[in-house]
Amino acid sequence: MTSKTTFFDDLEARGLIYEATEGARELFAESRSITGYIGFDPTARSLHVGSLLPILALARLQRAGHRPIALVGGGTGMIGDPSGKTRERQLLTREQVEENVEGIRAQLARFLDFEGEFAARLLDNHDWLGSLGVIEFLRDVGKHFTINYMLAKESVARRLQDGGGLSVTEFSYMLLQAYDFLVLSDRHDCVLQLGGSDQWGNITAGIELIRRARGRAAYGIVLPLVTTASGVKFGKTEAGTVWLDSELTSPYRFYQFWLNTDDRDAEHYLKAFTFLPLDEIAGIMEDHARNPAARGAQRRLATEVTRLVHGDDGLARAERVTAVLFGGRPVRDLSAAELLDVFADVPSTEMARARLEGEGLSAVELLADTGVAASKGEARRLILGGGVYLNGERVTDPDQRVRTEDAIEGKVLVLRKGKKSNHVVRLVA
RNA sequence: GGUGGGGUACCGAAGCGGCUAAACGGGGCAGACUGUAAAUCUGCUGGCCUCCGGCCUACGUAGGUUCGAAUCCUACCCCCACCA
């Protein structure tokens with residue numbers, strides 16, 4: 001027991017420890033610095049908010065005076081982790097994986113410090129898995145595991161029970177991940193693996209391998225699954241997955257995602273997704289309880305996380321757009337230039353001005369054309385349901401004509417669907 | 001390779017010759033109420049049109065039987081279980 005708050009204590013106080021292997025807590029009680037890693041699957045070009053928890057865990061590790069390793073699964077990505085998946089996965093091509101690895105690598109780099117005493121490392125397991133021979137693998141890794149052990153893993157057992165089928169390829173995944181841990185242990189003196197709760201089986205397999213093959217101890221900590229009070233899957237909005245890449249999810253939408261957090265989740269998210277000290281969070285929550293309508297907790301959450309992921313510039317942009325869209329100022333009071341600047345982060349389309357000349361387009365055609373509605377039928381239904389606004393005013397007639405005169409300064413139309421979904425149409429020659 | 005079960009809309013799941021663009025549940029979208037929240041209630045949820053009406057595509061794929069098929073027949077593809 002030390003008086004200093006350790007990495008482990010901090011995680012625990014924030015509700016971020018779902019399960020930990022024996023000895024994990026004590027590992028941090030000593031004052032020495034350790035090395036820990038987390039693996040990231042290159043299933044997409046970008047990481048999404050779901051990965052934020054592990055990323056921040058690595059950053060916390062570093063801030064607590066330890067050395068983090070972010071491992072990108074360029075090798076394991078070729079196989080596909082069955083954990084938490086109900087059916088066999090589609091294999092990615094080598095090119096896809098490489099492309100994804102590059103994207104993820106760049107993102108991870110933003111959260112970690114690669115300089116100094118506790119410099120972070122960014123590795124790709126393809127470096128060792130790519131050249132690993134089957135014979136070598138079976139002798140060095142396979143020998144240490146029994147089928148019984150592997151079948152007992154929850155991820156495997158569940159798949160078999162649900163009748164989802166499990167190929168040898170996916171079945172073997174845990175061995176590869178175990179091998180990763182062994183390699184990192186050998187080469188970088190890595191003693192800890194962190195991960196999502198679905199990684200428990202893979203992590204313990206690694207610890208097992210290190211113990212059997214090297215006689216060394218290693219530890220694992222898994223983070224809880226992020227849940228939402230309303231039961232919706234975390235990280236999804238009507239617009240789909242919330243990515244960390246600003247090309248895929250604009251800072252504005254990213255900010256909005258956090259701003260729309262359920263009251264019941266706010267405190268938990270502040271603890272999990274920001275570095276704010278716990279006593280400060282307690283203060284924020286007190287204010288929030290006094291005046292929930294101000295949504296102070298959500299604002300702070302959105303501010304902190306957006307800054308973390310998109311920097312001060314991204315945050316400033318997000319706040320500017322938010323102020324305009326939800327600040328109560330009529331859209332038509334803005335100049336076209338202001339609108340275009342402010343709406344840079346809002347989805348937009350270009351349209352030839354000529355199409356709005358003369359008779360123009362009907363509201364329905366405009367909505368379908370710009371993609372605000374998936375079809376004319378949907379556009380019609382939306383309008384009849386009262387969910388469509390043109391330049392801030394509700395459209396009531398599906399056949400209402402929209403002409404150049406309706407555009408602000410003859411250049412810009414602002415379409416809104418529902419309360420939160422905005423779309424800008426730029427008129428071009 | 002054998003035997004049995006199965007492939008229906010975003011997902012789950014009914015239907016098993018016409019009344020089916022397809023019950024029901026979930027999800028999603030919109031509206032009301034609000035705090036850009038939750039809960040609740042309401043509407044919508046294949047496409048197109050000249051939209052209180054009409055047309056076109058759809059129930060694994062391709063053919064066939066029938067006035068008429070998601071529903072019957074044939075072949076093929078895929079999935080699952082058990083056996084070999």
Side-chain angles (χ1 to χ4, degrees), chain A residues 85-90 158-167 170 227-242 250 252-270 284-285 287-303 306 318-329 331 342 345-347 359 361-365 367-390 392-401 414-423:
Chain A
K85 302 285 186 299
T86 53
R87 55 174 57 178
E88 182 83 9
R89 295 213 301 198
Q90 197 74 40
R158 218 189 47 236
R159 267 284 271 280
L160 294 180
Q161 196 175 8
D162 295 354
L166 182 66
S167 65
E170 286 196 1
T227 55
T228 62
S230 57
V232 181
K233 194 172 176 204
F234 173 76
K236 298 277 182 191
T237 66
E238 59 277 23
T241 302
V242 180
S250 72
Y252 160 69
R253 280 211 247 166
F254 186 84
Y255 179 89
Q256 285 289 322
F257 166 74
W258 294 101
L259 193 61
N260 283 309
T261 298
D262 193 311
D263 278 11
R264 293 167 292 176
D265 292 321
E267 178 170 10
H268 160 211
Y269 287 2
L270 278 168
I284 294 168
M285 292 317 296
D287 290 343
H288 187 270
R290 262 195 296 279
N291 182 14
R295 289 181 308 133
Q298 282 92 335
R299 275 176 211 288
R300 190 63 193 276
L301 175 68
T303 302
T306 305
E319 284 178 331
R320 210 159 54 232
V321 183
T322 297
V324 171
L325 289 181
F326 298 99
R329 198 168 154 205
V331 170
V342 150
D345 279 355
V346 160
E359 274 304 289
L361 292 172
S362 71
V364 164
E365 287 166 330
L367 289 169
D369 234 72
T370 51
V372 171
S375 67
K376 290 186 188 176
E378 185 184 314
R380 192 172 291 276
R381 287 191 291 269
L382 274 172
I383 292 173
L384 292 176
V388 174
Y389 300 78
L390 173 63
E393 281 181 23
R394 180 173 273 170
V395 177
T396 50
D397 175 11
D399 297 314
Q400 179 186 325
R401 309 307 300 185
V414 179
L415 290 172
R416 196 175 106 212
K417 183 180 93 172
K419 283 193 188 90
K420 306 176 203 168
S421 176
N422 289 275
H423 187 102

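The structure presented is a predicted model; accordingly, all values stated were derived computationally and were not measured.
The phosphate of B:rA37 (OP1 or OP2) has a side-chain N or O of A:K420 nearer than 4.0 angstrom. Here A:T261 does not reach the OP1 or OP2 of B:rA37: none of its side-chain N or O atoms lies under 4.0 Å away. OP1 or OP2 of B:rC49 sits under 4.0 Å from a side-chain N or O of A:K376.
Of the listed nucleotides (B:rG35, B:rA32, B:rA30), B:rG35 has the atom at the smallest distance from the side chain of A:H288. Out of B:rC29, B:rG35, B:rU36, the shortest distance to the side chain of A:A293 is found at B:rG35. Considering only the side chain of A:R380, B:rC51 comes nearest among B:rG35, B:rC51, B:rC29. Of the listed nucleotides (B:rU36, B:rA32, B:rG35), B:rU36 has the atom at the smallest distance from the side chain of A:F326.
Scanning atom types as modelled, one donor and one acceptor separated by under 3.5 angstrom connect the side chain of A:D263 and the base of B:rG35. A donor and an acceptor atom sit less than 3.5 Å apart, one in the side chain of A:Q256 and one in the base of B:rU36. Evaluation of atom-type donor-acceptor distances gives no pair under 3.5 Å for the side chain of A:R381 against the base of B:rC29.
Residue A:Q256 holds its CD atom at 9.0 Å from OG of A:S250, rounded to the nearest 0.5 Å. Atoms NE2 and CG, on A:H268 and A:D262 in that order, are 12.0 Å from each other to the nearest 0.5 Å.
The nearest pair of heavy atoms linking A:V346 to A:L325 is CG2-CD1, 4.3 Å.
Of the P atoms belonging to B:rA38 and B:rG28, the separation is 11 Å, rounded to the nearest Å. Across B:rA58 and B:rA21, the matching C1' atoms stand 8 Å from one another, rounded to whole Å. Taking atom P in both B:rG60 and B:rC11, one finds a spacing of 13 Å when rounded to whole Å. For B:rG4 and B:rU57, the C1' atoms lie 35 Å apart once the distance is rounded to whole Å. Only the C1' atoms considered, B:rU74 is 30 Å distant from B:rC19, to the nearest whole Å. Taking the C1' atom of each, B:rA81 and B:rG26 are spaced 28 Å apart, rounded to whole Å. B:rA13 and B:rU8 have their C1' atoms separated by 9 Å, given to the nearest Å. Comparing B:rG64 with B:rC49, their C1' atoms sit 34 Å apart, to the nearest whole Å.
Among the atoms of the strands shown, only primed sugar atoms or phosphate atoms (P, OP1, OP2) are found under 4.0 Å from some heavy atom of A:R264. If you check every strand for non-hydrogen atoms under 4.0 Å, A:R416 touches nothing. Among the atoms of the strands shown, base atoms are found under 4.0 Å from some heavy atom of A:Q298.
A side-chain N or O of A:S362 and one of A:E365 form a donor-acceptor pair less than 3.5 Å apart.
When rounded to the nearest whole Å, the span between CD of A:E267 and C1' of B:rA38 equals 17 Å.
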